[in-house]
Amino acid sequence: MRPPHPVPLARARLLTSPSVSPSLVRELERIAGRPADTAVPDGPFVYVGDALPEALRTPRLLWFHSVNAGTDALLSAGPWPEGALLTRTVGRMGERIAQYVLGWVLAECQAVPEHTAQHARGEWRRFPSELAAGRTVVVHGTGRIGSAVAGLLRACALRTVGVSRTARGPVPGFDRVVTAGSDEEATALGEARWVVSTLPSTGATEGFFDAGRFTAMRGATFVNVGRGATVDMTALGAALHAGTLRGAVLDVLPAEPAAPGDPVWRLPRTVITSHSAGITAEEDVVADFAACWADVAGGRRPALAVDTRRGY
């Protein structure tokens with residue numbers, strides 16, 4: 001997808017979603033060099049927000065900048081306007097998600113859940129610790145977020161194996177990268193102490209983590225910081241009950257928020273967090289929108305552009 005031509009961008013109106021705070025609107029106006037509006041214009045426009053209203057899915061849309069990293073909800077809401085650029089906000093999300101993953105890895109190594117439960121019971125018992133260094137972590141997804149996760153874990157002396165949909169050369173943060181569905185992936189899963197998913201939600205990734213992959217893990221802890229739809233929850237539950245999986249940390253679910261009676265709350269050895277591993281900050285939106293604006297104004301395709309056919 002080509003970026004909008006600099007000429008129509010120069011006369012495009014800037015529109016913002018009602019969810020965008022006044023302080024963020026002021027920063028967007030500064031970057032674009034024009035006031036923001038909420039009315040639907042007759043001519044070309046740029047829209048910044050978390051969702052695209054149906055009334056704005058028109059050929060007049062030059063560019064939509066999402067304040068979120070995930071764009072699956074945007075693309076599943078209806079046909080994307082032909083020729084409209086879609087960019088997303090990543091900012092320092094990779095760092096935040098990497099810290100989240102490392103936190104849970106170290107919590108497990110230091111028996112933090114067990115100590116916490118013991119404290120609540122008023123008991124005193126020693127728990128042995130486990131060294132993370134030298135263990136294998138398999139990270140599915142080798143993009144910005146996956147690389148950030150792998151890089152931080154590798155800095156703690158973990159062996160990092162990336163899984164990519166297509167064959168790739170060396171990727172920052174990874175000791176090696178294997179192809180999804182290959183014998184090498186199955187071998188890596190069997191060696192893994194932790195398996196981390198950073199996968200987006202696309203037609204190709206729906207139900208990606210199935211019974212076969214969970215069986216191949218042989219005692220790993222599964223951490224999902226990607227999208228809930230990538231996991232077959234029935235297969236996950238079966239693996240946990242069978243002991244194939246040591247445990248699970250789920251920051252995302254297929255349906256959010258999970259209702260109080262949802263069976264997911266009763267999965268053994270599982271912790272669910274509220275899709276909070278990498279909450280986007282306003283400074284992330286400002287930095288990424290500014291970088292995208294500079295690229296588009298210069299006739300370049302932004303690095304944060306989304307392939308609307310592939311979904312990422």
Backbone N or O of [Y] within a donor-acceptor pair of the [X] side chain at under 3.5 Å?
X	Y	value
Arg88	Asp288	no
Ser147	Thr142	yes
Glu256	His275	no
Arg60	Pro41	yes
Ser274	Ser276	no
Asp72	Ser201	no
Arg227	Pro200	no
Thr71	Leu74	no
Trp80	Ala84	yes

Establish, from distance only, whether the side-chain atoms of Thr136 and Arg159 form a donor-acceptor pair under 3.5 Å. yes
If you take all heavy atoms of [X] and [Y], which pair is closest and at what distance?
X	Y	value
Val195	Ala220	CG2-CB, 4.0 Å
Leu250	Leu236	CD1-CD2, 3.9 Å
Ala98	Ala148	CB-O, 3.5 Å
Val25	Ala36	CG1-CB, 3.8 Å
Thr38	Thr16	CG2-O, 4.2 Å
Ala235	Ala211	CB-N, 3.5 Å

Can you tell me how far apart [atom1] ([X]) and [atom2] ([Y]) are? Round to the nearest 0.5 Å.
X	Y	atom1	atom2	value
Leu85	Thr308	CG	OG1	9.5 Å
Leu245	Thr270	CG	OG1	8.5 Å
Asp295	Arg301	CG	CZ	10.5 Å
Leu75	Arg310	CG	CZ	13.5 Å
Tyr47	Asp37	OH	CG	11.0 Å
Leu158	Leu102	CG	CG	8.5 Å

Mind checking whether [X] and [Y] sit in one hydrophobic cluster, side chains of I, L, V, M, F, W, Y counted as touching below 4.5 Å?
X	Y	result
Val101	Val161	no
Ile145	Phe174	yes
Val296	Val48	yes
Val225	Val137	yes
Met93	Leu153	yes

According to side chain to side chain contact (heavy atoms under 4.5 Å, CB included), who are the partners of [X], at least two apart in sequence or on a separate chain?
X	answer
Pro268	Leu240, His241
Gln110	Val112, Ser129
Thr215	none

For Thr160 and Val139: C-alpha separation, side-chain torsions, deciding distance, then whether side chain to side chain contact (heavy atoms under 4.5 Å, CB included) applies. CA-CA 7 Å; Thr160 56; Val139 181; 5.7 Å; no
Tell me, do [X] and [Y] make a side-chain contact under 4.5 Å, heavy atoms counted?
X	Y	value
Leu52	Leu61	yes
Leu304	Val90	yes
Ser197	Val231	no

My understanding is that only residues two or more places apart in sequence, or in another chain, count here; which of them pass side-chain hydrogen bond (donor to acceptor under 3.5 Å, both in side chains) with Arg30? Glu27
Over 12 foreign heavy atoms within 6.0 Å of [atom1], [X]:
X	atom1	value
Arg126	CZ	no
Glu114	CD	yes
Trp194	CH2	yes
Glu123	CD	yes

Take Arg193 and Thr221 through the test side chain to side chain contact (heavy atoms under 4.5 Å, CB included) and record every step on the way to the result. CA-CA 6 Å; Arg193 175 62 181 82; Thr221 295; 3.2 Å; yes
Does the side chain to side chain contact (heavy atoms under 4.5 Å, CB included) test come out yes or no for Phe64 and Val306, once each step is laid out? CA-CA 10 Å; Phe64 180 93; Val306 175; over 6 Å; no
Does His140 have any ring-ring contact (aromatic ring centres under 6.0 Å, His included) partners at least two apart in sequence or in another chain, and if so, which?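 His140: ring-ring contact (aromatic ring centres under 6.0 Å, His included) contacts with Phe208, Phe209.
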Is the shortest distance from a Lys or Arg side-chain nitrogen in Arg135 or Glu130 to a carboxylate oxygen in the other one below 4.0 Å? yes
Under the side chain to side chain donor-acceptor pair (under 3.5 Å) definition, can you give me all pairs with a residue in residues 89-102, not counting sequence neighbours?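 Of all non-adjacent pairs touching residues 89-102, those that pass side chain to side chain donor-acceptor pair (under 3.5 Å) are His65-Thr89, Arg92-Glu95, Arg96-Asp284, Tyr100-Thr273.
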Should the ring pair Phe289 and Trp63 be called parallel, tilted or perpendicular, given that the plane angle runs from 0 to 90° and is split at 30 and 60? parallel
Taking it one step at a time, do Phe45 and Leu14 satisfy side chain to side chain contact (heavy atoms under 4.5 Å, CB included)? CA-CA 6 Å; Phe45 64 95; Leu14 173 65; over 6 Å; no
Are Glu184 and Arg176 close enough, and set up right, to give a salt bridge (Lys or Arg N to Asp or Glu O under 4.0 Å), and what steps lead you there? CA-CA 11 Å; Glu184 289 81 4; Arg176 67 189 183 101; over 6 Å; no
